[in-house]
Amino acid sequence: MTVNQSRTKLQIGFAILVGGLLLVSLMITAKWVLAGLAFISLLVLNGQFIVFPVTWTSDWLNRASLIGALVLVVLTLIKFLVLSSL
């Protein structure tokens, strides 16, 4: 197995992780879980730039994962703020 093949598996796994966290954040309404997801989403956004170091490429997996990570951050923070203000 070459380095390029394992990197592709890492990138695919990271994109699946982002998608899974998005689904979890849509279904959860507990404040303490959303607070944790808001923090984890910032770590995932940081991990996005480690797993995909070149963000200017037009690779579909890179773009989908970046958009997913940004949506995850915005969604969890807004949902946490709205639910905690109620």
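Count residues from 1 along the sequence.
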key: Transitive ILVMFWY side-chain link L34 to F39, under 4.5 Å   = no
query = Is the shortest heavy-atom distance from the side chain of L37 to the side chain of K79 under 4.5 Å?
reply = no
query = Does V33 share a hydrophobic cluster with V74, counting links as ILVMFWY side-chain heavy atoms below 4.5 Å and allowing steps through other members?
reply = no
message = In this structure, would V71 and V44 fall into the same cluster of hydrophobic residues linked by side-chain contacts under 4.5 Å?
response = yes
task = For residues F52 and S65, report the shortest heavy-atom separation together with the two atoms involved.
result = CE1-OG, 3.5 Å
query = Minimum heavy-atom separation for L61 to A15, with atom names?
reply = CD1-CB, 3.6 Å
task = With rounding to the nearest 0.5 Å, note down the distance linking CD1 in I67 to CG in N62.
result = 9.5 Å
key: Interatomic spacing from CD1 in I28 to CG in L21 - rounded to 0.5 Å   = 11.0 Å
query = Can you get from V18 to L42 by hopping between Ile, Leu, Val, Met, Phe, Trp and Tyr side chains that sit under 4.5 Å apart?
reply = no
ILVMFWY network linking L10 to W60, side-chain heavy atoms under 4.5 angstrom = yes
Pairwise distance CD1(I40) to CG(L17) - rounded to 0.5 angstrom = 9.0 Å
ask   = Where is the tightest heavy-atom contact between T76 and S41, given as atom of each residue plus distance?
value = OG1-OG, 3.2 Å
request  = Taking all non-hydrogen atoms of both residues into account, name the closest pair between L83 and K31 and its distance.
outcome  = O-CE, 3.3 Å
message = Ignoring hydrogens, what is the shortest heavy-atom contact between L45 and A69? Give both atom names and the distance.
response = CD1-CB, 4.0 Å
